[in-house]
Amino acid sequence: MMFSISLYANALLAAATTVAAHGYVDNATIGGTFYQFYQPYGDQYMNPAPQRVSRKIPSNGPVLDVSTIDVQCGGWSPEGKVGSAPAPLHAPAAAGSQVTLRWTAWPDSHRGPMITWMALCPSEGCQNWLPGTSPVWFKIKQEGRQGTSDVWATTPFMTVPNAGYTYTIPSCLKPGSYLVRHEIIALHSAWAVGEAQFYPSCHQLKVTGNGTKVPITELVAFPGAYDKNDPGIFYNQWNPTTYTIPAPQIPPFTC
């Protein structure tokens with residue numbers, strides 16, 4: 001009975017925060033330069049529209065269906081906003097350098113992993129490219145739960161200000177244009193199948209340097225990499241159990 005009451009209370013808390021508390025990547029520092037990312041409540045109303053390195057998102061809300069194209073870079077297919085669209089610009093950055101992403105204040109109930117993927121764009125750039133359902137994505141960073149504690153990858157971002165989320169562009173990566181897919185998966189309601197919340201954000205890089213490598217194996221597609229029944233997506237975060245990050249068969253790429 002105690003477990004049932006606790007689970008019910010947690011479910012009510014999750015439902016209450018779902019409507020009001022979401023978030024998105026607001027800005028970034030790439031190659032030492034500050035970039036304002038797409039603003040879902042401002043950019044669409046501006047004429048001319050701001051030129052961004054990040055792909056558009058419809059709102060601060062989540063993607064709920066992992067089988068839709070929305071899970072790739074954002075979208076809201078139930079309302080006719082199917083998937084995202086390429087951004088006009090690329091941010092130059094050297095292989096081996098760090099990129100810092102800054103999320104809007106993250107709600108403390110929305111615990112979950114943070115995962116970053118990259119995909120090599122065509123030689124002409126990312127500005128007109130949509131990956132579709134092709135397996136082009138390689139993982140470069142993943143963080144989940146610390147043991148069975150209440151400390152998650154998202155925990156530092158529940159306090160404002162914070163240092164931001166940092167990933168490193170692999171130092172051996174071949175120069176070229178790359179699409180970066182970064183995400184939070186919020187698990188506050190994921191004790192029920194199909195209730196995990198995905199918050200993807202994509203930005204475009206022009207990677208420089210002397211690297212020679214581009215992963216040709218261990219590539220996945222979005223949609224396709226995740227299933228709603230995967231143990232890292234159908235998971236009760238309110239229980240003190242170990243956590244498996246989605247797509248566990250794909251380790252982060254290393255040089």
Side-chain angles (χ1 to χ4, degrees), residues 14-28 36-47 49-89 101-107 109-117 119 126-134 136-137 154 157 165 179-190 192-204 220-230 232-234 246-247:
T17 57
T18 294
V19 175
H22 298 302
Y24 56 92
V25 179
D26 181 72
N27 64 75
Q36 186 68 62
F37 273 18
Y38 185 87
Q39 299 294 294
Y41 301 108
D43 283 17
Q44 60 185 314
Y45 303 110
M46 300 179 70
N47 188 13
Q51 301 286 285
R52 305 292 193 198
V53 301
S54 62
R55 298 195 168 189
K56 68 179 183 179
I57 53 173
S59 70
N60 68 351
V63 175
L64 298 175
D65 187 346
V66 295
S67 69
T68 69
I69 196 66
D70 300 346
V71 79
Q72 186 177 101
C73 291
W76 194 7
S77 289
E79 296 295 326
K81 298 177 181 179
V82 180
S84 187
L89 304 180
L101 306 177
R102 301 178 189 87
W103 284 79
T104 55
W106 195 250
S109 64
H110 287 37
R111 303 168 186 163
M114 304 178 79
I115 311 171
T116 304
W117 303 79
C126 305
Q127 70 275 7
N128 294 310
W129 184 61
L130 292 170
T133 56
S134 298
V136 295
W137 300 94
T154 52
F157 309 101
Y165 170 95
L179 183 59
V180 180
R181 178 187 180 275
H182 170 66
E183 69 181 334
I184 287 176
I185 306 175
L187 300 171
H188 52 291
S189 297
V193 175
E195 294 299 323
Q197 296 185 358
F198 299 83
Y199 295 83
S201 175
C202 291
H203 56 279
Q204 301 171 181
V220 300
F222 286 100
Y226 302 158
D227 183 87
K228 65 181 180 180
N229 291 295
D230 287 346
I233 293 172
F234 173 35

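Positions are given from 1 along the sequence. Any value given below was found using the heavy atoms of this structure, including those in side chains, with hydrogens, waters and symmetry copies removed.
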Give me the atom names and distance for the closest heavy-atom approach of [X] to [Y].
X: Y38; Y: P40; result: O-CD, 3.4 Å
X: T154; Y: I184; result: CG2-CG2, 3.7 Å
X: A221; Y: W137; result: CA-CD1, 4.1 Å
X: C126; Y: P86; result: O-CB, 3.6 Å
X: K228; Y: I233; result: O-CG2, 3.8 Å
X: A225; Y: A247; result: O-CB, 4.4 Å

F157 and Y165 aromatic ring geometry - parallel, tilted or perpendicular at 30°/60° bounds: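 It falls in the tilted class, 30° to 60°.
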Would you sort out whether L64 and E195 count as a side-chain contact (heavy atoms from CB on, under 4.5 Å), showing the intermediate values? CA-CA 7 Å; L64 298 175; E195 294 299 323; 5.5 Å; no
If I take atom [atom1] from residue [X] and atom [atom2] from residue [Y], how far apart are they, to the nearest 0.5 angstrom?
X: S109; Y: L187; atom1: OG; atom2: CG; value: 11.0 Å
X: D26; Y: Q39; atom1: CG; atom2: CD; value: 4.5 Å
X: K56; Y: C73; atom1: NZ; atom2: SG; value: 12.0 Å
X: M114; Y: L101; atom1: CE; atom2: CG; value: 8.0 Å

Side-chain contact test, heavy atoms from C-beta onward, threshold under 4.5 Å: evaluate it for [X] versus [Y] and give yes or no.
X: W103; Y: Y199; answer: yes
X: R181; Y: C202; answer: yes
X: R55; Y: L130; answer: yes
X: I57; Y: K81; answer: no
X: P113; Y: I185; answer: yes
X: Q72; Y: S84; answer: no

Check whether any side-chain N or O of [X] sits under 3.5 Å from a backbone N or O of [Y] as a donor-acceptor pair, and report yes or no.
X: Q204; Y: L89; result: yes
X: T104; Y: G23; result: no
X: R52; Y: H203; result: no
X: E183; Y: I115; result: no
X: D227; Y: N229; result: yes

Evaluate side-chain contact (heavy atoms from CB on, under 4.5 Å) for Y24 paired with F37, printing each intermediate quantity in order. CA-CA 9 Å; Y24 56 92; F37 273 18; over 6 Å; no
Please evaluate residues V25 and H182 with respect to the criterion side-chain contact (heavy atoms from CB on, under 4.5 Å), reporting the C-alpha separation (whole Å), side-chain torsions for both, the decisive distance (0.1 Å), and the verdict. CA-CA 9 Å; V25 179; H182 170 66; 4.0 Å; yes
Let me see the working for W129 and V136 under side-chain contact (heavy atoms from CB on, under 4.5 Å), right down to the final yes or no. CA-CA 12 Å; W129 184 61; V136 295; 4.0 Å; yes
So, applying side-chain contact (heavy atoms from CB on, under 4.5 Å) with P223, which one of T68, I69, V66 is it?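 Considering T68, I69, V66, a side-chain contact (heavy atoms from CB on, under 4.5 Å) with P223 is found only for I69.
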